[in-house]
Amino acid sequence: MAGSEAAADGDGKTASAAAEPAVDADISYDEQFYPARPKALRPIARRRQYLATRPSFEFDGRNAAYVEWLRNQAMLGDANVLARQLSGQASMWQNSYAHPNPRAAVERAPVWFTAYPLSFITRSNQSFLSALGDPGMWEAFREIGIRAIHTGPVKLAGGISGWSQTPSVDGHFDRISMAIDPAFGTEDEFRRMCEVAAEHGGTIIDDIVPGHTGKGADFRLAEMNFRDYPGIYHMVDIPEEDWHLLPDVPEGQDSVNLSPDSEQALQKAGYIIGRLQRVIFYEPGVKETNWSATRPVVDTTGKTRRWVYLHYFKAGQPSINWLDPTFAGMRLVVGDALHSLVDLGTGALRLDANGFLGVEKSAEEEPGWSEGHPLSEAANQLIGSMIRKVGGFSFQELNLTIDDIKATSEAGPDLSYDFITRPAYHYAVVTADTEFLRLTLRLSMEIGVDQASLVHALQNHDELTYELMHFAAGHRDEVFELGGQELTGAQLAEHVQRTMQERLTGENAPYNALFTTNGIACTTVSFIMAALGIREPDAITPEEEARIQDVHILMSMYNALQPGVFALSGWDLAGITALDRKSVAELTAQGDTRWINRGAHDIMGTSPDAETSSSGMPRARSLYGPLPEQLQNPDSFARRLQRILTVREENGIATGTLLDVPDVSHRGLLVLCMRLGSGALQVTVLNFSDQDVAGSIQSSHLLPGASVHDLFSGAEIGQVDDLHSFFLELPAYQGTALLLTHEDLGDEESQAS
């Protein structure tokens, strides 16, 4: 779909196919199941190289020089150039792509470090990307067991106003260019980072944003009605005779959010579909609807226009239209993905907020259909297939119902973020009760979600979410049992949310904060502090610090000792506490309290005197210290984590299959029974309570007579009895991984019984 832009942006030079890689000594998952498949060939292409210089005259839509200046920065133009270089190349057909392959992705990158550029402290005059390409850090990661880095968004983001670039409004998730933001480094540093990762057996994971861009060159050209650029977005040209339906744009702004009344008036006039299923980032007087109106804009013909455009997120993030006849939005997103994979050299991509790619008018007085739409599924299949086609894999960060996560995983990305059990395991820590966690795990199994297809994570840059979309939205009227009561999904979600709010914020934990209706702004450490009843962050005792680390390790065990990817951040590795909200008051002024959980951290200890990151984020307190120091201490968080990841890797837990989540003899226990790739049965047992627990572990999958071995100590701790159970003792906030073997039968035969 080269479109009309293809002829106007110059001819791209055809890149030669990459040389066939050397054959590895170990047979990969892919080769084992598809022995006739040739070795994957990775195509190569390069985006345009353009050095912008500011012209000496004012901008105007009729000014050809200004339009050309914008075109030379536009992502759609780069996408067209990349497409021409890759089209017709044999290397584009050497990888299977139709179906997601989660276990192949997990084998390639089983443990991820999720970086956040704005919060990463580097050496003086060292860029973020250079720091992530530091061989010393990769040596430490390899020693611990980390095999991939998710960089977070590092391309130019924000907007363009006149000749000037404006800053990002959402942590660089409002992308406006394929170029690397100079604040984070250069393209050469990015490529070097990918090379260093490969040298250490790792890979780099980049981001694309299929749902929106920032207000950059592409949006400004769309406002000017230039060629097919308006087709990138959900934007509607409002004739001048109906401008009275639009609110005035305040001085100094380029758009204004529609009030519910204006939204309804434009819907009745037939211009927009109106109200959608929810308003993300709702804030009175700031964002009351998902629609905004532009200021009057002079287009390239001299006509003055006003547009109304859709933005699921903030006003500076106009939504991409995946079903416009020009397919301009699709071309832009696919081009951005290909740039990261075949130009920069990443191995995988995250699809950010990719569940909002379809929107459709509903029945009278009903909100528009904007979530769980089939177009989102189709678009995700197209994106995921293209990524696999060039040899990469993808994961989605999609907070929807379990049913919708299952549906989007069938043909789209290879992996999905675990929004299914993430709030439930947090709730288990808060209440010392795993009933809700067991419920979510069982529902996931019943619906058919493979745990190995999920990314199980500790902290990331977002809030601790408790939206519980499966219960609060998709199954709000269905009845569930919790705590001996029958509750509707809506009641259950409200109960969980209220409990989390009371225990984790307010007087009990003034260092944490609510984040709109989505969840709680906190770090993993500040969450644990609140769960343990610690009110004074500056007065933590050594005993309390040890207990915090115990709970942190327990949470790491939950995420790591089950099938799927395990992900953690620098905030986890260094044990970072929440920032005092006064230190980020300017950032939180519009209600985005998540900045308190994004404190700057120095995981390698390269700049002990730095008070901020290079981006200006204040340095947060670290309970665990930098990795080089931790690796000298056998009892540190990093060394304890290393032992967990060693057990996980040596036994192939990441690519196992979850078989059973049985009932337990103590409400604080969680038991996961899994079949490993070898056929062996593995059992993870965790104690989420502050009490030592002794009791029976029982499941129909446990074979009577089997010996039970502790994978951490190597000791035999008992045998399975005729009731399919064995006895186990676990101290408070501790866990273990067990392997079952049988003397009388061969391993595979005994475990399959």
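For Arg175 and Asp352, the salt-bridge test fails: no basic side-chain N is under 4.0 Å from an acidic carboxylate O. A salt bridge does not link Arg191 to Glu195: none of the charged side-chain nitrogens sits closer than 4.0 Å to a carboxylate oxygen. Classification of Glu143 and Arg639 as a salt-bridged pair holds, one side-chain N sitting under 4.0 Å from a carboxylate O. One finds no salt bridge joining Asp336 and Arg47 here, because no Lys/Arg side-chain nitrogen approaches an Asp/Glu carboxylate oxygen to under 4.0 Å. Salt bridge status for Glu544 with Arg547: absent, with no side-chain N to carboxylate O gap under 4.0 Å. Residues Asp207 and Lys155 are not paired through a salt bridge, judged by the lack of any N-O separation under 4.0 Å between the basic side chain and the carboxylate. Look at Arg192 and Glu199 and you find a salt bridge, because one of the NZ, NE, NH1 or NH2 atoms lies within 4.0 Å of a carboxylate O, short of that distance.
No side-chain heavy atom of Phe190 sits less than 4.5 Å from a side-chain heavy atom of Leu132. Within the 4.5 Å cutoff, the side chain of Phe393 has no heavy atoms near those of the Ile387 side chain.
Ile644 approaches Ala560 most closely through the heavy-atom pair CG2-CB, 3.9 Å. Residues Tyr733 and Leu532 approach most closely at OH-CD2, 3.6 Å, considering heavy atoms. Of all heavy-atom pairs spanning Ala574 and Ser622, the tightest one is O-OG, 2.6 Å. The two atoms that bring Ile576 and Ala620 nearest to each other are CG2-CB, 3.4 Å, heavy atoms only. The two residues Pro117 and Pro153 make their nearest non-hydrogen contact at CG-O, 3.7 Å. Contact between Ile204 and Trp138 at its shortest, heavy atoms only, is CD1-CZ2, 4.0 Å.
Between Ser607 and Asp602, the side chains place no donor N or O within less than 3.5 Å of an acceptor N or O (distance only, hydrogens not considered). Gln501 and Thr499 share no donor-acceptor pair across their side chains, judged by distance under 3.5 Å alone. Side chains of Asn460 and Ser569: a donor-acceptor N/O pair is absent below 3.5 angstrom, by distance only. A donor and an acceptor atom, one from each side chain of Asp433 and Tyr427, are nowhere located under 3.5 Å apart. Residues Asn512 and Thr505 have side chains that never bring a donor and an acceptor to within less than 3.5 angstrom of each other. Using modelled atom types and a 3.5 Å distance limit, the side chains of Tyr558 and Thr421 yield a donor-acceptor pair. Side-chain contact check for Ser416 and Gln396: at least one donor-acceptor pair (N or O, by modelled atom type) lies under 3.5 Å.
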Hey, mind stepping through Phe436 and Thr431 against side chain to side chain contact (heavy atoms under 4.5 Å, CB included) and telling me if it holds? CA-CA 10 Å; Phe436 181 51; Thr431 62; over 6 Å; no
Ring pair (Phe, Tyr, Trp, His ring centres under 6.0 Å), that's the test. Do Tyr425 and His456 meet it? Break it down for me. CA-CA 11 Å; Tyr425 85 75; His456 312 290; 9.1 Å; no
What's the verdict on side chain to side chain donor-acceptor pair (under 3.5 Å) for Asn597 and Thr523, showing C-alpha distance, side-chain angles and the deciding distance? CA-CA 5 Å; Asn597 57 249; Thr523 66; over 6 Å; no
Any chance you could lay out the side chain to side chain contact (heavy atoms under 4.5 Å, CB included) test for Leu738 and Val685, step after step, and finish with the verdict? CA-CA 8 Å; Leu738 309 168; Val685 187; 4.0 Å; yes
May I have the step-by-step check of side chain to side chain donor-acceptor pair (under 3.5 Å) for Asp170 and Gln317, ending in yes or no? CA-CA 9 Å; Asp170 188 27; Gln317 296 167 293; 3.0 Å; yes
Derivation of the side chain to side chain contact (heavy atoms under 4.5 Å, CB included) call for Leu573 and Leu568: CA-CA 8 Å; Leu573 285 175; Leu568 76 166; 3.6 Å; yes
Before you tell me yes or no, could you show the steps for Leu728 and Ile717 under side chain to side chain contact (heavy atoms under 4.5 Å, CB included), namely the whole-Å CA-CA distance, both residues' side-chain angles and the distance that decides it to 0.1 Å? CA-CA 8 Å; Leu728 184 69; Ile717 63 170; 3.4 Å; yes
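Listed by first and then second residue, the salt bridge (Lys or Arg N to Asp or Glu O under 4.0 Å) pairs that reach into residues 500-510 come to none, sequence neighbours excluded. Within the structure, the ring-ring contact (aromatic ring centres under 6.0 Å, His included) test picks out the following pairs touching residues 604-639 (sequence neighbours left out): His552-Tyr624, His552-Phe637, Tyr624-Phe637.
His150 and Phe395 have their aromatic ring centers within a separation under 6.0 angstrom. Ring centroid separation for the pair Phe141 and His200 does not come in under the 6.0 Å cut-off. In summary, the aromatic rings of Phe173 and His212 are positioned with their centroids too far apart to meet the 6.0 Å limit.
Rounding to the nearest 0.5 Å gives a distance of 7.0 Å between CD1 of Ile180 and CG of Asp206. From Ile534, atom CD1 reaches atom CD1 of Ile548 across 4.0 Å, with rounding to the nearest 0.5 Å. Going from atom CZ of Arg422 over to atom CE of Met555 covers 8.5 Å, rounded to the nearest 0.5 Å. Interatomic distance, Leu504 CG to Leu514 CG, rounded to the nearest 0.5 Å: 9.5 Å.
Looking at His461, His601, Gln459 one by one, the single match for side-chain hydrogen bond (donor to acceptor under 3.5 Å, both in side chains) with Trp571 turns out to be His601. Under the side-chain hydrogen bond (donor to acceptor under 3.5 Å, both in side chains) test applied with Arg594, the options Thr516, Thr588, Asp462, Asn518 reduce to a single match, Asp462.
By the side chain to side chain contact (heavy atoms under 4.5 Å, CB included) test, Glu189 is found to be paired with Ser127, Leu129, Ser130, Thr186, residues two or more places apart in sequence or in another chain being considered. Partners of Ala428 according to the side chain to side chain contact (heavy atoms under 4.5 Å, CB included) rule, which considers only residues two or more places apart in sequence or in another chain, are Thr434, Leu437, Phe688. Applying the side chain to side chain contact (heavy atoms under 4.5 Å, CB included) test to Gln590 and every residue at least two apart in sequence or in another chain returns Val286. In this view, Gln632 satisfies the side chain to side chain contact (heavy atoms under 4.5 Å, CB included) rule with no residue, not counting sequence neighbours.
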